[in-house]
Amino acid sequence: MKLKKILSLALSAAMALSVMATPALAAAPDASENCIDDIINMFTGNEYTYLYAALNWSEYWANEGVYNAGSTAASDVLDSHEEHDKGAFDAVSRATTNHGLHRGSFQQVATIYATDGTSYTVSHWSDDGKTFYTADGIAYGWNKGTVTKPDGTTSKMDHYEISGTKYVPVRVKTSDLSDFCSKYATVQNGGQLVGGYSENKLVSYSLTAAVDANTNGLKYATKSGDGYTFSAAHNGTGSGIADADQKTASDLIVTVKSGSDVGSFGESIRVDVTGNYGELGSRMQSVVWTYYGSDSTYTNAVATYGTKFAGDNWMHKSNGIQLGLTDSLRAQFPAGSDGTGYWAITIRALGYADTVIRFQVTADNIAKQELADASDRAALQAVVNQAQAKVKAQYTAASYANMQAELDESVELLANPNAYKASVLEQVGHLTEAVESLKAA
C-alpha cells in the first residue's frame with residue numbers, strides 16, 4: 001500500500017477516534033485532536049508513542065516501592081485542619097476558598113465541585129486569581145467560592161479535590177494508543193503544557209511537550225485488562241520540553257524544622273526549601289522520602305514513602321517549598337524506630353533533573369503535636385485585630401486580597417479548638433507578612 005494512502009487512512013481513523021478521546025489538560029484550542037500524529041505512527045511502524053498523561057496518585061505510586069503503594073484507603077480521622085487527610089493515596093479534599101486552591105493547578109489534577117452538581121477540572125488560573133480555565137479553554141469567573149459561568153449564572157463551591165499529577169511522561173504501545181487516550185487526559189508532543197498563576201516567586205508556565213525515551217521520570221504504560229499499569233519512573237537526561245535542556249536546581253537553602261516549628265499541618269517531620277525555589281516549586285510533581293535509619297552512608301534504605309500535594313507537599317509564594325511527612329496511612333515509621341537518623345528527599349519536577357536533599361533528623365526535629373495554648377492564640381488574635389483594622393480602599397486590590405486570604409485562614413484557625421501550636425505560630429508569621437506587604441493605593 002502506498003504511503004499516501006496509509007496516511008489518508010490514518011487521518012480518517014484519527015478523526016473518528018478524536019471524538020472519543022479525553023480532552024488534554026491544556027488550554028490549546030485543538031486539544032480535542034489528541035493523539036492524531038501518534039495514530040499515524042501506528043501505521044508507519046513506530047512501536048511506542050511518548051506523551052504526557054494525568055495519573056492519580058495510586059497509579060503513580062503503585063510500582064515505586066513506597067510504603068502502602070497503590071492503596072486508596074481513606075481515613076476517618078481528622079487532621080489538625082479538621083480535614084480527612086490521613087489516608088493513603090486517595091484524593092486530597094479541601095473546602096477552603098483561599099489561595100491553596102490556586103496553587104493546586106501548577107502540576108496537579110485539581111477539580112472544583114459545586115453545590116449544584118457541576119464540576120470543573122482546572123487547567124490554570126489568571127494571574128489575578130479571578131478567573132480559572134478548563135482544559136477546553138473556557139473561562140470561569142471566581143470570587144471566594146462563587147463560580148461565574150460563561151452564560152452569567154453562578155454556582156457555589158462545595159469542595160475541591162487534588163487527585164494526582166497531570167503531566168506525567170508516559171511511554172505506551174502505539175497499538176494501544178487510541179484506547180489509552182480514551183481513558184486518560186493526555187497531551188501529545190507539540191501540545192501545550194499549562195499551569196499555575198504567577199505569585200511572587202512562584203511562576204505560571206506555558207510549555208511545549210516533547211517526550212521521548214530519555215525524558216526524566218518516564219513511566220511505561222502496560223495494558224492490563226480494561227486498564228493500564230505504570231512502571232516506576234525512569235531516570236533520564238531529557239527535559240520533556242521542546243527546545244529546552246534539562247534543568248538542575250541550584251542555590252537552594254534547606255531547613256529541617258525543629259521544636260514548635262514542626263507539626264503545623266500534622267506532619268511528623270518537615271523540611272523547608274527556600275532560596276532559588278520559585279520555578280522548582282511551580283513545576284514540582286512528586287516527592288519521595290527515603291529513611292536510612294542510622295546509616296550515615298545513605299546506602300541501605302529501611303523505608304520509602306510517597307506523598308501527595310497539599311497533603312504533604314506545599315509551596316508558598318515567599319516562604320519556600322514546604323515538605324512534610326504526614327502521620328498517615330501512607331507514612332508510618334518502621335517498628336522500633338522513632339524517625340531519628342538519616343533521610344533523603346527526592347523532588348521530581350517538570351523539565352528538571354531529580355533534586356536530592358540529604359539531612360539528619362534528631363529528636364528535636366520530630367513533631368510533638370502540641371495544641372496551641374492561650375498565649376499562642378493571643379499572639380495570632382493580636383495580628384488578626386491589626387489586619388481587621390485595615391481599610392480596604394486605602395490599599396491596592398492585589399495586596400489587600402492577599403492579606404484578606406491570610407486573615408480568613410487565621411480566623412478559621414482560631415475557631416478550631418484543636419489547632420496545633422505550630423499551626424498557630426506559623427500563621428502569625430504569614431499574616432504579619434501579609435499586613436506588612438500591604439501597598440498604598
Item to check | Audit row: Tyr48, Tyr220, side-chain contact (heavy atoms from CB on, under 4.5 Å) steps and yes/no | outcome: CA-CA 10 Å; Tyr48 294 106; Tyr220 297 168; over 6 Å; no

Next on the checklist: Run the side chain to side chain donor-acceptor pair (under 3.5 Å) test on Asp364 and Thr362 for me, step by step, so that the C-alpha distance in whole Å, both residues' side-chain angles and the decisive distance to 0.1 Å come before the verdict.
Outcome noted: CA-CA 5 Å; Asp364 194 41; Thr362 68; 5.5 Å; no

Checklist entry - Given the rule in the side chain to side chain donor-acceptor pair (under 3.5 Å) test, do Thr208 and Gln192 qualify, once you have shown the distances and angles that lead to the verdict? => result CA-CA 5 Å; Thr208 301; Gln192 208 176 8; over 6 Å; no

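- Contact record, Ser204 with Asp127: OG-OD1, 4.0 Å, taken as the closest heavy-atom pair.
- Counting all heavy atoms, side chain and backbone alike, Leu329 lies closest to Tyr67 at O-CE2, 3.3 Å.
- Looking at residues two or more places apart in sequence or on another chain, you find a side-chain hydrogen bond (donor to acceptor under 3.5 Å, both in side chains) between Tyr60 and Ser286.
- In this structure, a donor-acceptor pair under 3.5 Å is absent between the side chains of Gln360 and Tyr292.
- Ile138 and Pro150 make their closest contact through CG2-CG, 3.6 Å (heavy atoms, listed as atom of the first residue, atom of the second, distance).
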Donor-acceptor contacts under 3.5 Å from residues 233-241 side chains, at least two apart:
unit_1	atom_1	unit_2	atom_2	d
His234	ND1	Leu218	O	3.0
His234	ND1	Ala232	O	3.3
Asn235	OD1	Arg348	NH2	3.1
Ser239	OG	Ile241	N	3.1
Ser239	OG	Ile241	O	3.2
Ser239	OG	Ala244	O	2.6

Next on the checklist: Would Val256 and Trp343 count as a side-chain contact (heavy atoms from CB on, under 4.5 Å) here? Give the steps.
Outcome noted: CA-CA 11 Å; Val256 184; Trp343 289 82; over 6 Å; no

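- Looking only at atom types and distance, the side chain of Thr340 has a donor-acceptor partner in the side chain of Asp338 under 3.5 Å away.
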Item to check | Derivation of the ring pair (Phe, Tyr, Trp, His ring centres under 6.0 Å) call for Trp57 and Phe309 | outcome: CA-CA 10 Å; Trp57 278 307; Phe309 183 80; 8.1 Å; no

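- No donor-acceptor contact under 3.5 angstrom links the side chains of Tyr305 and Thr290, judged on distance only.
- Shown are Leu325, Thr307, Val271; of these, the side-chain contact (heavy atoms from CB on, under 4.5 Å) with Val287 is made only by Thr307.
- Ring orientation note: the planes of His102 and Trp142 are nearly perpendicular, at an angle over 60° on the 30°/60° scale.
- The shortest heavy-atom contact between Phe230 and Ala221 is CE2-CB, 3.6 Å.
- Residues Asp327 and Gln332 bring a donor and an acceptor atom of their side chains to less than 3.5 Å of each other.
- Side chain to side chain, Thr121 and Thr111 meet the donor-acceptor criterion of an N or O pair below 3.5 Å.
- There is a side-chain donor-acceptor pair under 3.5 Å between Gln404 and Asp408.
- Between Arg330 and Asp312 there is a salt bridge, since at least one side-chain N of the basic residue sits less than 4.0 Å from a carboxylate O of the acidic one.
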Next on the checklist: If you apply the rule salt bridge (charged side-chain N to carboxylate O under 4.0 Å, His left out), what do you find for Lys308 with Asp90, and how did you get there?
Outcome noted: CA-CA 9 Å; Lys308 303 187 298 188; Asp90 53 338; 2.9 Å; yes

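- Donor-acceptor pairing under 3.5 Å is lacking for the side chains of Thr146 and Asn143.
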Checklist entry - Stepwise, does the salt bridge (charged side-chain N to carboxylate O under 4.0 Å, His left out) test hold for Lys156 with Asp116? => result CA-CA 8 Å; Lys156 292 289 291 183; Asp116 64 2; over 6 Å; no

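- Residues Ser231 and Lys219 bring no donor and acceptor atom of their side chains to less than 3.5 Å of each other.
- With contacts defined as side-chain heavy-atom distances shorter than 4.5 Å, the pair Val168/Gln107 does not qualify.
- The side-chain tip of Arg94 does not point at the ring of Tyr160 from less than 6.0 angstrom away and within 45° of straight on.
- Of the N and O atoms on the side chains of Gln108 and Tyr167, not one donor lies less than 3.5 Å from an acceptor on the other residue.
- Using a 3.5 Å distance cut-off with no hydrogens or angles, the side chains of Thr174 and Asn46 do not pair a donor with an acceptor.
- Shown here for Gly311 and Thr326, the closest heavy-atom pair between the two residues is O-OG1, 3.2 Å.
- Every ring pair (Phe, Tyr, Trp, His ring centres under 6.0 Å) that Phe132 has, sequence neighbours left out, goes to Tyr120, Trp125, Tyr140.
- Taking every heavy atom of both residues into account, Val109 and Ala54 meet most closely at CG2-CB, 4.0 Å.
- Using bins of under 30°, 30° to 60° and over 60° for the plane-to-plane angle, the ring pair Tyr113/His159 lands in the parallel bin.
- Using modelled atom types, one finds a donor on one side chain and an acceptor on the other under 3.5 Å when comparing Asn402 with Lys317.
- Checked by atom type, the side-chain pair Ser318/Glu433 shows a donor-acceptor distance below 3.5 Å.
- In this structure, a donor-acceptor pair under 3.5 Å is absent between the side chains of Asn319 and Asp272.
- Tyr228 and Asp179 share a donor-acceptor pair across their side chains, judged by distance under 3.5 Å alone.
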Item to check | Derivation and outcome, salt bridge (charged side-chain N to carboxylate O under 4.0 Å, His left out), residues Glu267 and Lys257 | outcome: CA-CA 11 Å; Glu267 75 277 11; Lys257 293 292 189 176; over 6 Å; no

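- Exactly one of Glu279, Gln285, Arg283 qualifies for a side-chain hydrogen bond (donor to acceptor under 3.5 Å, both in side chains) with Tyr352. That residue is Glu279.
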